[in-house]
Amino acid sequence: MIRWAICALLVPQIIWAQEFVTVEGRLSDDAFYRAVACGASPGDACTKPFLRWPTDTREDLTVGLASVVATLPPYRRRLYEAGLTDAVAEINGLGAGLTLRRTDRDPQIAIHVVAAAPGTVMRNTGVESLDGERLALGRVALWATDGAITRAVIAISAKARRREIRHILLEELTQSMGLMTDVAGAAYHRSIFAELGNSVVRLQGQDAMALRRHYGGDAQDDGPDDDAQDDRDS
């Protein structure tokens, strides 16, 4: 489960939402890709634009722990460090047309490990776009113009359970690639995009296909139909 934001698509504001597509049974690759990439229910039009990191950033897209709450014990920090290293390696190993690089100095994808417990409001994070927002386990915010992502911010609770940390880092990082919609359905309980579930630590099957397709140049369309676009808080 993920909370996300698309920032500066039409106006310079942040809109947070929790959103998923409900499905019955297993989807075709086309339908699954459209569900996670543009919020399309099976057989329906897109409900949001396609978002991608620009071509000139994809060979060296930086990601790092931009801040970690000071009260986090060293052994807990090592879990987040290792989880992020694993998530970067997982995405880099797909051959999806992206190469992520770890750096904690001004990364394009900035991860903040915050004090807020899951289900509470974030306070005093030092990040304006996070303070005052409710945190599940993790949240993603994307800034984009004309479908091109310019930066991303991820918040993850310092109080996540040990077994959740590796999963949530991979989930949030995958969704920061522009695949912002979850899928709800029994057939997808083992997907990184599952609306409910926090145990997946590998990108396989249709999860891997979706990320490869998103950056492989073979998407079937590039945005929502004109009559499908709306002004929802999502």
Side-chain angles (χ1 to χ4, degrees), residues 1-6 15-52 83 86-87 90-91 93-98 118-119 136-140 142 147 149 154 160-161 163-234:
M1 181 168 59
I2 188 169
R3 290 180 181 270
W4 56 271
I6 300 175
I15 303 173
W16 295 92
Q18 179 180 351
E19 188 168 309
F20 57 90
V21 170
T22 301
V23 303
E24 297 290 338
R26 192 160 185 83
L27 303 176
S28 69
D29 283 358
D30 283 353
F32 181 83
Y33 171 71
R34 285 169 53 80
V36 301
C38 72
S41 295
D44 290 341
C46 293
T47 62
K48 63 182 73 167
F50 285 81
L51 302 176
R52 298 179 178 90
D86 289 346
E90 187 70 17
I91 290 174
L94 290 181
L98 290 161
L137 273 175
R139 296 191 70 160
V140 178
L142 297 184
I149 305 169
I154 294 171
R161 289 176 289 185
R163 65 178 179 81
E164 297 171 330
I165 293 172
R166 187 178 174 195
H167 163 86
I168 199 65
L169 281 160
L170 180 59
E171 179 185 2
E172 307 301 308
L173 193 56
T174 300
Q175 299 220 0
S176 76
M177 299 299 103
L179 303 176
M180 296 286 282
T181 307
D182 284 341
V183 176
Y188 288 99
H189 74 284
R190 292 292 298 165
S191 169
I192 197 70
F193 299 102
E195 165 63 6
L196 298 176
N198 53 19
S199 61
V200 176
V201 294
R202 296 290 307 277
L203 295 176
Q204 303 180 89
Q206 288 182 317
D207 292 351
M209 174 279 301
L211 188 55
R212 291 188 184 108
R213 178 169 176 170
H214 201 54
Y215 287 96
D218 58 350
Q220 297 301 304
D221 48 33
D222 288 315
D225 296 344
D226 291 340
D227 60 0
Q229 196 164 5
D230 61 31
D231 296 321
R232 296 177 304 164
D233 288 340
S234 60

Query - Contacts of Ser199 that satisfy side-chain contact (heavy atoms from CB on, under 4.5 Å) - sequence neighbours left out - result: Arg190
Query raised in the report: Of the non-hydrogen atoms in Phe193 and Thr174, which two are nearest, and what is the gap between them?
Result: CZ-CG2, 3.8 Å
Query - Non-neighbouring partners of Glu90 that pass side chain to side chain donor-acceptor pair (under 3.5 Å), sequence neighbours left out - result: Arg202
**Report entry** Thr181 to Gln175 - nearest heavy-atom pair and separation
**Finding:** N-OE1, 4.1 Å
**Report entry** Nearest non-hydrogen partners of Ile149 and Leu142, listed with the distance
**Finding:** CD1-CD1, 4.0 Å
Query raised in the report: Of all heavy-atom pairs between Leu203 and Leu211, which one has the smallest distance, and what is that distance?
Result: CD1-CD2, 4.3 Å
Report task. Answer yes when Asp30 and Arg213 have at least one side-chain N-carboxylate O distance shorter than 4.0 Å, and no when they do not. Result -> yes
Query raised in the report: Which heavy-atom pair separates Ala210 from Val36 by the least distance, and what is that distance?
Result: CB-CG2, 4.0 Å
Query raised in the report: Looking at Lys48 and Glu19, does any basic side-chain N land under 4.0 Å from a carboxylate oxygen?
Result: yes
Report summary line: Separation between CZ (Arg163) and CD1 (Ile168), nearest 0.5 Å, reads 11.5 Å
Report task. Would you name the heavy atoms of Phe20 and Val183 that are closest together and state the gap between them? Result -> CB-N, 4.4 Å
Query raised in the report: When you check the side-chain N and O atoms of Gln206 and Tyr33, is any donor under 3.5 Å from an acceptor?
Result: no
Query - Distance, nearest 0.5 Å, that separates CG of Asp29 from CZ of Arg34 - result: 13.5 Å
Query raised in the report: When rounded to the nearest 0.5 angstrom, what is the spacing between CD1 in Ile91 and CG in Asp86?
Result: 11.5 Å
